[in-house]
Amino acid sequence: QVQLVESGGGLVQAGDSLRLSCAASGRTFRTYTMGWFRQVPGKEREFVAAINWSGSSTDYLDSVKGRFTITRDKAKNTLYLQMNSLKPEDTAVYYCAATSRTVVPTQRGGYEYWGQGTQVTVSS
């Protein structure tokens, strides 16, 4: 079992930066593929970024490439999402996710474990 707790969300202005964190329980974190998704009311949960167990492979939503960076610290059992040059359209609840799969899924159904989410609001 993996438990995930996100933090770092908040209210910022367009162009600002935020770093989201996801603290994971369990030694299996080191072998899990991890991802970030986001969701706004009335819309499907959207893939944002993912990273494999070693950190050697990442994937991003096209609209965040060059602005967002996903990393992981195995020693701290923590996943990060550095978000720069934020835009109002990045406003959403951001969720951390984990899977035991070795591939890097970009679909919601590819992940078994989810955090409760953290709100990110970007004002114009």
Side-chain angles (χ1 to χ4, degrees):
Q1 189 76 8
V2 175
Q3 292 186 326
L4 306 171
V5 179
E6 302 96 334
S7 62
L11 172 63
V12 297
Q13 293 187 333
D16 286 351
S17 297
L18 273 179
R19 188 177 77 161
L20 304 183
S21 299
C22 173
S25 65
R27 292 182 295 175
T28 51
F29 169 80
R30 295 182 177 86
T31 64
Y32 274 44
T33 293
M34 304 293 295
W36 287 99
F37 284 71
R38 65 188 182 187
Q39 190 169 21
V40 297
K43 291 191 175 182
E44 293 291 320
R45 193 166 296 187
E46 175 183 55
F47 168 79
V48 175
I51 187 168
N52 71 341
W53 70 274
S54 68
S56 63
S57 178
T58 58
D59 200 358
Y60 294 92
L61 176 69
D62 283 347
S63 63
V64 308
K65 285 180 180 177
R67 299 190 298 123
F68 291 10
T69 304
I70 187 171
T71 57
R72 65 191 301 165
D73 186 330
K74 293 182 182 179
K76 296 182 178 180
N77 272 13
T78 302
L79 176 74
Y80 301 101
L81 185 68
Q82 178 66 42
M83 305 186 294
N84 299 328
S85 302
L86 282 161
K87 303 176 181 181
E89 51 263 43
D90 295 319
T91 295
V93 176
Y94 283 71
Y95 296 89
C96 172
T99 178
S100 58
R101 295 177 172 85
T102 55
V103 295
V104 179
T106 60
Q107 301 296 319
R108 179 177 182 175
Y111 293 84
E112 299 98 85
Y113 304 101
W114 293 86
Q116 303 100 316
T118 185
Q119 176 72 47
V120 172
T121 303
V122 184
S123 64
S124 57

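None of the values given here were measured: they were computed from a predicted structure.
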Cation-pi geometry met for [X] and [Y] (6.0 Å, 45°):
{"X": "R72", "Y": "Y80", "result": "no"}
{"X": "R45", "Y": "W114", "result": "yes"}
{"X": "R108", "Y": "F37", "result": "no"}

Requested in this report: State whether the number of non-hydrogen atoms from other residues, nucleotides or ligands found under 6.0 Å of E112 atom CD is greater than 12.
Outcome: yes

Quick one: are [X] and [Y] in side-chain contact, heavy atoms under 4.5 Å?
{"X": "S123", "Y": "V12", "answer": "no"}
{"X": "F68", "Y": "N84", "answer": "no"}
{"X": "E6", "Y": "L81", "answer": "no"}
{"X": "L18", "Y": "V120", "answer": "yes"}
{"X": "T91", "Y": "V40", "answer": "no"}

Report task. List in chain and number order the residues that pass side-chain contact (heavy atoms from CB on, under 4.5 Å) with A23, two or more places apart in sequence or in another chain; answer none if no residue qualifies. Result -> none

Query raised in the report: Is the gap between the ring centers of F47 and Y60 under 6.0 Å?
Result: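 Distance test on ring centres: not under 6.0 Å, no.
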
Query - disulfide bond (SG atoms under 2.5 Å apart) pairs, two or more places apart, involving residues 88-124 - result: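 Qualifying pairs: C22-C96.
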
**Report entry** Donor-acceptor pair, side chain of T99 and main chain of G110, under 3.5 angstrom
**Finding:** yes

Query raised in the report: Would M83 and Y94 satisfy side-chain contact (heavy atoms from CB on, under 4.5 Å), going step by step from the backbone distance to the final call?
Result: CA-CA 12 Å; M83 305 186 294; Y94 283 71; 3.9 Å; yes

